[in-house]
Undergrad: 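I have a structure here, written as structure tokens, and I will follow up with some questions on it.
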Protein chains: 2
Amino acid sequence: MNPENSKCSCEQCKLKSLFFSHVTVNELTDICEIKEERSYSKGELIIKEGEKINDFLYMKEGLVKLSKTSFDGKDQIISFSKPFDFVSLLSIFSSENFRYSVTAVEDSVVCILDLEIVKNYARENALFTMDLMIRVSEVTDKIILDNLEIKRKHLKGRVAHVLLYFSEYIYNSDEFDLPVSRREIAEYIGMTTENVIRTLSEFRKDKIIKIFGKDILIVNKKRLEGISEFG
Amino acid sequence: MNPENSKCSCEQCKLKSLFFSHVTVNELTDICEIKEERSYSKGELIIKEGEKINDFLYMKEGLVKLSKTSFDGKDQIISFSKPFDFVSLLSIFSSENFRYSVTAVEDSVVCILDLEIVKNYARENALFTMDLMIRVSEVTDKIILDNLEIKRKHLKGRVAHVLLYFSEYIYNSDEFDLPVSRREIAEYIGMTTENVIRTLSEFRKDKIIKIFGKDILIVNKKRLEGISEFG
DNA sequence: ATTACCCTGTGACAATTATCATACTTTTAA
DNA sequence: TTAAAAGTATGATAATTGTCACAGGGTAAT
């Protein structure tokens, strides 16, 4: 490793194995040299819907949302992604342009590679491509299943679902800081902001959760799970 | 081509180019020899949710639905697929078992290959794998976008959306036989059967469509498009 | 420091959608 | 062929969700 890419630490990157497990050390060094790492603060736009796709992105740290704006200016949130849920993989092989926007909802770090270079690897290295496909498949499957799950629930069940999603899937804790506003929750579950707020208040009144602004504490998890499943 | 696989006509198959464009003639013959073609009547189950995935399937003819049954026995329809929208691709690389059921909603013909053999090709032939990935990406992107579209609409807009979907995307005609029941439309758009029926009746009363049982004629397409977009 | 804006919160009311009941027709199974 | 089951259809009513109005708190920009 020469001095000019001393910041290049792909070999130590915990994400390496995820989809570079079939890339040789030499190739990895090549990739490393061309890779760019960018940091985004909470709220910053990472990818804008409609932009031409030139880069291959993957997340190293943080949390982002995928969203789409409809003609009347209303946003819909498709999913949240943390590292390992590679967000940029959705459209890059089936479209010239990004179909969704990606925004940091927590401070995030993203690694960026030139898409053409990645595609060239993909065209030559079948195992690498296979790895990539498995990732694509996992991510999209998760999105489709999660959306189905939300779709079959009512307001309360949806809000409960989101709380459990953040608690269990994102933060692994009964107490966590909501990384999103009530409006964003509404955009995710397809309900109005007022109803999300009302439902959270109701959960608070029923002593299922405690609310301190953005900070949420799940007091009665069993109950919340019941509401998510049946309510 | 020897007599024992005279039924083998992959080389003439119009679907060949779709994802076998990077398979050699010899490989194609091999694939052809192991392939099995199965026919399903309208209503027949092709894949049952939860089954182990042993086969790689793709559609030659017909129309199928992807669906999932929730714990309380209610079905949700994820999407409809015609040939070129390869249905089996969704879970096969990310799961051991099928996550969705697939049912013929019109008489359908499916080609079946042993998944392990396809995976072996995929591990050796990067261009083939790349083709496959592009398909996976296209299909899932379509599903996600369509579900988002439906999600942001109300009852009438959703029903209008479905009618236009069948008219434009599936049948390319203003008149067509609905391949599904009112209940299935309801399961697709996430509303009740009664409300789907009521909405269709309303469209009929407003002279937007004509209904003769399953046969639908779109009389006022502009109006229907307006309802789909804004209603 | 002040304004403007967004977020949170609540209530009253309106609109939308679901549920239940019932009837008739068509399809399926015995 | 006949009975049972499923699909289509419509109305009345209940439940759910959305809209509008208003208010306080925080935050960013000037």
Side-chain angles (χ1 to χ4, degrees), chain A residues 41-44 65 70 72-77 103 105 150-163 177-206 209-216 227-228 230-231, chain B residues 41-45 65 70 72-77 103 105 150-163 177-206 209-216 227 230-231:
Chain A
S41 304
K42 183 181 169 84
E44 266 193 278
K65 66 172 180 184
S70 62
D72 57 351
K74 284 179 185 157
D75 282 354
Q76 288 179 280
I77 294 178
T103 311
V105 296
I150 288 172
K151 199 173 174 182
R152 71 175 182 79
K153 293 175 183 178
H154 287 176
L155 172 60
K156 287 177 197 172
R158 292 184 187 187
V159 174
H161 175 97
V162 171
L163 292 178
D177 262 12
L178 261 186
V180 294
S181 66
R182 277 44 166 180
R183 181 165 61 79
E184 284 172 306
I185 294 176
E187 288 169 351
Y188 181 49
I189 66 174
M191 298 276 156
T192 58
T193 308
E194 292 95 322
N195 276 328
V196 169
I197 292 170
R198 243 186 282 273
T199 305
L200 288 173
S201 296
E202 205 173 319
F203 288 168
R204 176 174 42 72
K205 283 172 201 154
D206 293 345
I209 61 172
K210 286 190 181 176
I211 306 175
F212 321 94
K214 294 276 193 187
D215 186 63
I216 302 284
I227 294 170
S228 174
F230 310 105
Chain B
S41 304
K42 182 181 168 84
E44 266 192 279
L45 189 66
K65 67 172 180 184
S70 62
D72 57 351
K74 284 181 186 158
D75 281 354
Q76 287 180 281
I77 294 178
T103 311
V105 296
I150 288 172
K151 200 172 174 183
R152 69 175 182 80
K153 294 174 183 178
H154 286 177
L155 173 59
K156 287 176 197 175
R158 291 183 188 188
V159 175
H161 175 96
V162 171
L163 293 177
D177 263 13
L178 262 185
V180 294
S181 67
R182 276 44 166 179
R183 180 165 61 80
E184 284 172 306
I185 294 176
E187 287 168 354
Y188 181 48
I189 66 174
M191 298 277 156
T192 58
T193 308
E194 292 96 319
N195 276 328
V196 169
I197 291 170
R198 243 186 283 275
T199 306
L200 288 172
S201 297
E202 204 175 321
F203 288 169
R204 176 174 44 70
K205 285 174 198 152
D206 294 344
I209 60 173
K210 286 188 180 174
I211 306 176
F212 321 94
K214 293 276 194 186
D215 185 64
I216 302 284
I227 292 169
F230 311 105

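Each chain gets a letter, A, B and so on, in the order its sequence line appears, and its residues count up from 1. We use all heavy atoms of the structure for the numbers below, so side chains are in, but hydrogens, waters and symmetry mates are not.
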Undergrad: According to side chain to side chain contact (heavy atoms under 4.5 Å, CB included), who are the partners of B/Asp215, at least two apart in sequence or on a separate chain?
TA: B/Glu175, B/Asp177, B/Phe212
Undergrad: Please determine whether a side-chain nitrogen or oxygen atom of B/Arg182 lies at a distance below 4.0 Å from atom OP1 or OP2 of D/dG7.
TA: no
Undergrad: Measure from CD1 on B/Ile185 to C1' on D/dA9 and round the result to the nearest Å.
TA: 14 Å
Undergrad: Can you sort out the partners of A/Thr103 under side chain to side chain contact (heavy atoms under 4.5 Å, CB included), two or more places apart, ordered by chain and number?
TA: A/Leu45, A/Lys65
Undergrad: Between side-chain atoms of residues 199-206 of chain A and protein atoms elsewhere (two or more places apart, or another chain), which donor-acceptor pairs fall under 3.5 Å?
TA:
from     : atom 1 : to       : atom 2 : distance (Å)
A/Thr199 : OG1    : A/Asn195 : O      : 2.6
A/Ser201 : OG     : A/Ile197 : O      : 3.1
A/Glu202 : OE2    : A/Lys156 : NZ     : 2.9

Undergrad: Decide if atom NZ of A/Lys210 counts as having more than 12 heavy atoms of other residues, nucleotides or ligands within a radius under 6.0 Å.
TA: no
Undergrad: Who pairs with A/Ser70 by side-chain hydrogen bond (donor to acceptor under 3.5 Å, both in side chains), at least two apart in sequence or on another chain?
TA: A/Asp72
Undergrad: Just the rounded figure in Å: distance from P of D/dT16 to CE of A/Met191.
TA: 12 Å
Undergrad: What are the atom names and distances for every N/O pair under 3.5 Å that joins the protein to nucleotides 25-30 of chain D?
TA:
none

Undergrad: Would you mind reading off the bend of the helix from C/dA1-D/dT30 to C/dA30-D/dT1 from its two end axes, five pairs each, to 10 degrees?
TA: 50°
Undergrad: Within residues 153-161 of chain A, which residues have any heavy atom lying less than 4.0 Å from an atom of DNA chain C?
TA: none
Undergrad: Judged by atom type as modelled, is there a donor-acceptor pair below 3.5 Å linking the side chain of A/Lys214 to the main-chain atoms of A/Val180?
TA: yes
Undergrad: Would you tabulate the pairs of protein nitrogen or oxygen atoms and nucleotide nitrogen or oxygen atoms of nucleotides 10-15 of chain D closer than 3.5 angstrom?
TA:
from   : atom 1 : to       : atom 2 : distance (Å)
D/dT10 : OP1    : B/Arg204 : NH2    : 3.4
D/dT10 : OP2    : B/Ser201 : OG     : 2.3
D/dG11 : N7     : B/Arg198 : NH1    : 2.9
D/dG11 : O6     : B/Arg198 : NH2    : 3.4

Undergrad: How far apart are the closest heavy atoms of A/Ala186 and A/Thr193, and which atoms are they?
TA: CB-N, 3.6 Å
Undergrad: Less than 4.5 Å apart, any side-chain heavy atom of B/Met191 and any of B/Arg158?
TA: yes
Undergrad: Would you please name every residue forming a salt bridge (charged side-chain N to carboxylate O under 4.0 Å, His left out) with A/Lys151, sequence neighbours left out?
TA: none
Undergrad: Hey, where on DNA chain C does chain B first and last touch, going 5' to 3'? Cut-off is any atom under 4.0 Å from a heavy atom.
TA: C/dT17 to C/dC20
Undergrad: Return the set of residues passing salt bridge (charged side-chain N to carboxylate O under 4.0 Å, His left out) with A/Arg182 (not counting sequence neighbours), or none when no residue passes.
TA: none
Undergrad: Which residues pass the side-chain hydrogen bond (donor to acceptor under 3.5 Å, both in side chains) test with A/Glu187, not counting sequence neighbours?
TA: A/Arg183
Undergrad: Might you point out which heavy atoms bring A/Tyr188 and A/Ile77 nearest each other, and give the distance in Å?
TA: CD1-O, 3.5 Å
